[in-house]
Amino acid sequence: MDRLLRIAFEKLIRVGNLQVSTAGGSTFTFGDGTGRPVAIRFTTRAAEGRVLIDPELRFGEAYMDGGVVVEQGSIVDFLDLTVKNLNRIQPNAWSRLLRRLRSLSRRVFQGNTLWRERRTSVHHYNIDYRIHRLFLDSDLQYSCAYFENSDASLDDAQLAKKRHIATKLLLRPGLKVLDIGSGWGGLGLDLAQNSKVSVVGINLSDEQVRIAQQRAAAEGLSCEFRIQDYRKVAEKFDRIVSVGMFEHVGKRYYDAFFRKCYDLLVDDGIMLLHTIGRWNGPSDTNAWVWRHIFPGGYTPALSEIAPAIERSGLITSDIEVLRIHYAETLRAWRSNFLAKRKEVIRLFEKDPILKTRFGGADRFIRMWEYYLAGFEASFRSYGLAVFQIQLIKNIDAVPLTRGYMYENKDERTLRRRSNDERVR
């Protein structure tokens with residue numbers, strides 16, 4: 001087993017400084033010795049065997065279950081080192097076979113039907129929102145923030161994201177806005193309060209909708225939040241916005257999604273799609289992420305989105321690629337989460353359902369840390385970015401140049417507002 005591990009890590013780690021200790025007591029060093037030293041140790045032979053057979057899925061599970069521990073550096077350092085090296089090598093024949101089998105299984109058995117999309121939404125977003133409050137900003141924005149400068153706080157960057165989206169929607173009082181995938185309601189409430197529009201937010205997580213409805217009632221804003229699939233909406237809207245939801249639509253339903261948005265949008269309407277994407281071409285969702293974090297999730301390349309937009313009749317009027325913004329968002333989330341480790345443990349002690357579902361607080365903390373650290377590394381070094389795509393039906397629906405997105409005086413005024421003015 002030790003020999004097989006040594007061969008596997010020798011093929012993977014060419015750059016950096018990684019020390020691996022096996023459950024049998026052997027220690028190996030890999031890389032060219034540059035960068036921050038990282039050391040991991042396998043605690044069981046079973047974990048070693050599973051990782052050798054299917055590293056994409058099983059390494060994360062081994063970390064969750066204590067089969068792998070980090071003895072020098074952090075799991076962030078290990079994943080950053082690994083991802084940088086993955087960019088330098090081609091997957092071997094066994095890895096390619098596993099990926100093909102997974103891809104086939106997902107296409108045949110796991111399309112995002114109405115029932116399945118509801119179930120997968122509940123899997124992730126119905127986790128006790130008190131856990132999300134521990135690491136998100138004060139407005140519970142669970143999507144990429146917009147860092148206008150390196151000194152921006154997470155709250156400032158999330159407020160800037162909302163204002164950036166608002167300017168791209170060219171809002172004015174009285175318009176009717178559809179928010180597809182409305183989360184805990186923060187974006188819709190912000191648009192209603194600051195742009196004087198009415199908002200309908202739809203979502204498949206009953207936990208998120210319940211919180212959003214409570215917030216809307218407390219603030220007395222013109223916002224309606226529903227448990228509803230986008231395919232079941234029938235009204236017309238002046239504006240449509242969707243932030244962090246398209247990743248759950250599924251490739252098979254891209255045409256249906258954009259055609260439905262075309263039907264829901266008035267002729268002079270504007271839509272803004274904000275989604276995680278890949279700048280290096282199509283690729284299937286990581287096996288560990290699919291099983292433990294976002295079952296049914298898929299991160300598209302622009303080459304997969306654009307044809308569906310074209311077939312729908314919508315016009316792509318603007319595309320902005322946010323590159324490192326999500327890495328910085330995830331870094332802030334991870335820092336907040338780990339700083340609140342004791343609060344997570346207390347929540348698990350008070351709620352036996354959480355303990356039963358995740359196998360205890362320590363296992364959940366390791367899972368969540370691995371999730372946040374893995375995505376941060378991927379946004380820095382493994383081809384992930386965020387696409388903001390502005391769509392219209394009428395070629396004259398938006399100004400000729402992009403200046404309005406950055407020169408709007410109202411936007412600068414609103415960015416100075418503090419989220420603390422609103423009830424959380």
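Given the structure is predicted, the values throughout are model-derived calculations rather than measurements.
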How close do [X] and [Y] get, heavy atom to heavy atom, and via which atoms?
| X | Y | value |
| --- | --- | --- |
| Asp156 | Ala152 | CB-CB, 4.4 Å |
| Ser138 | Asp155 | OG-OD2, 2.6 Å |
| Asp2 | Ser26 | OD2-OG, 2.7 Å |
| Ala385 | Val321 | CB-CG1, 3.9 Å |
| Arg357 | Ile127 | NH1-CG1, 3.8 Å |
| Gly186 | Lys162 | O-CD, 4.3 Å |

Side-chain ion pair, [X] and [Y], N-O less than 4.0 Å:
| X | Y | result |
| --- | --- | --- |
| Arg215 | Asp139 | yes |
| Asp32 | Arg14 | no |
| Lys84 | Asp80 | yes |
| Lys342 | Glu349 | no |
| Arg363 | Asp65 | yes |
| Glu224 | Arg226 | yes |

Are [X] and [Y] close enough that a side-chain donor and a side-chain acceptor fall under 3.5 Å?
| X | Y | answer |
| --- | --- | --- |
| Thr82 | Asn85 | no |
| Asn203 | Ser205 | no |
| Tyr63 | Glu369 | yes |
| Ser317 | Gln390 | yes |
| Gln388 | Lys168 | yes |

### Steps toward side-chain contact (heavy atoms from CB on, under 4.5 Å) verdict (Val68, Arg41)
CA-CA 6 Å; Val68 173; Arg41 177 171 57 87; over 6 Å; no
### Query
Within a radius of less than 6.0 Å around CZ of Arg311, do more than 12 heavy atoms belonging to other residues, nucleotides or ligands occur?
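Yes, enclosed.
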### Query
Crowded around Arg36 CZ? As in, over 12 foreign heavy atoms under 6.0 Å?
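Atom CZ in Arg36 is not crowded, with 12 or fewer foreign heavy atoms closer than 6.0 Å.
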Would you say [X]'s side chain and [Y]'s backbone share a donor-acceptor pair under 3.5 angstrom?
| X | Y | answer |
| --- | --- | --- |
| Glu219 | Ala216 | no |
| Arg259 | Ser312 | no |
| Thr285 | Gly297 | yes |
| Gln72 | Val38 | no |
| Asp128 | Arg130 | yes |
| Ser335 | Arg331 | no |
| Ser195 | Ala192 | no |
| Glu376 | Val76 | no |
| Ser378 | Tyr382 | no |
| Lys161 | Cys144 | yes |

Assert yes or no for the condition that the ring centre distance of [X] to [Y] is strictly below 6.0 Å.
| X | Y | result |
| --- | --- | --- |
| Tyr253 | Phe258 | no |
| Phe379 | His325 | no |
| Tyr371 | Phe364 | no |
| Trp288 | Tyr370 | yes |
| Phe294 | His248 | yes |
| Phe375 | Tyr326 | no |
| Trp333 | Tyr142 | yes |

Are [X] and [Y] packed together at the side-chain level, in the sense that at least one heavy-atom pair is separated by less than 4.5 angstrom?
| X | Y | result |
| --- | --- | --- |
| Leu5 | Phe42 | yes |
| Val20 | Arg6 | no |
| Thr22 | Arg45 | yes |
| Leu136 | Gln141 | no |
| Asn17 | Thr34 | no |
| Ser303 | Pro282 | yes |
| Phe78 | Leu18 | yes |
| Val69 | Ile40 | no |

### Query
Think Lys355 forms a cation-pi with Phe348, using NZ or CZ under 6.0 Å from the six-ring centre and within 45 degrees of its axis?
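The answer is no, since Lys355 fails at least one limit relative to Phe348.
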Let me confirm one number: the [atom1]-[atom2] distance from [X] to [Y], rounded to the nearest 0.5 Å.
| X | Y | atom1 | atom2 | answer |
| --- | --- | --- | --- | --- |
| Ile392 | Leu314 | CD1 | CG | 9.5 Å |
| Gln158 | Leu140 | CD | CG | 10.0 Å |
| Leu338 | Ile75 | CG | CD1 | 11.5 Å |
| Glu48 | Phe59 | CD | CZ | 11.5 Å |
| Arg163 | Asn194 | CZ | CG | 5.0 Å |
| Leu273 | Ile180 | CG | CD1 | 8.5 Å |

#### Entry: Ring geometry between Phe337 and Phe135 (parallel below 30°, tilted from 30 to 60°, perpendicular above 60°)
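Plane angle over 60°, so perpendicular.
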### Task
Test Leu169 against Val241 for side-chain contact (heavy atoms from CB on, under 4.5 Å), laying out the working first.
CA-CA 8 Å; Leu169 289 170; Val241 62; 4.0 Å; yes
#### Entry: Residue pair Tyr230, Phe257: steps toward the ring-ring contact (aromatic ring centres under 6.0 Å, His included) verdict
CA-CA 8 Å; Tyr230 68 90; Phe257 177 82; 5.1 Å; yes
### Message
Before you tell me yes or no, could you show the steps for Phe237 and Val177 under side-chain contact (heavy atoms from CB on, under 4.5 Å), namely the whole-Å CA-CA distance, both residues' side-chain angles and the distance that decides it to 0.1 Å?
### Response
CA-CA 6 Å; Phe237 295 89; Val177 179; 5.8 Å; no
#### Entry: Test log, rule ring-ring contact (aromatic ring centres under 6.0 Å, His included), inputs Phe246 and His274
CA-CA 8 Å; Phe246 190 72; His274 172 119; over 10 Å; no
### Task
Determine, stepwise, if the pair Leu178 / Arg239 fulfils side-chain contact (heavy atoms from CB on, under 4.5 Å).
CA-CA 6 Å; Leu178 174 65; Arg239 302 290 188 265; over 6 Å; no
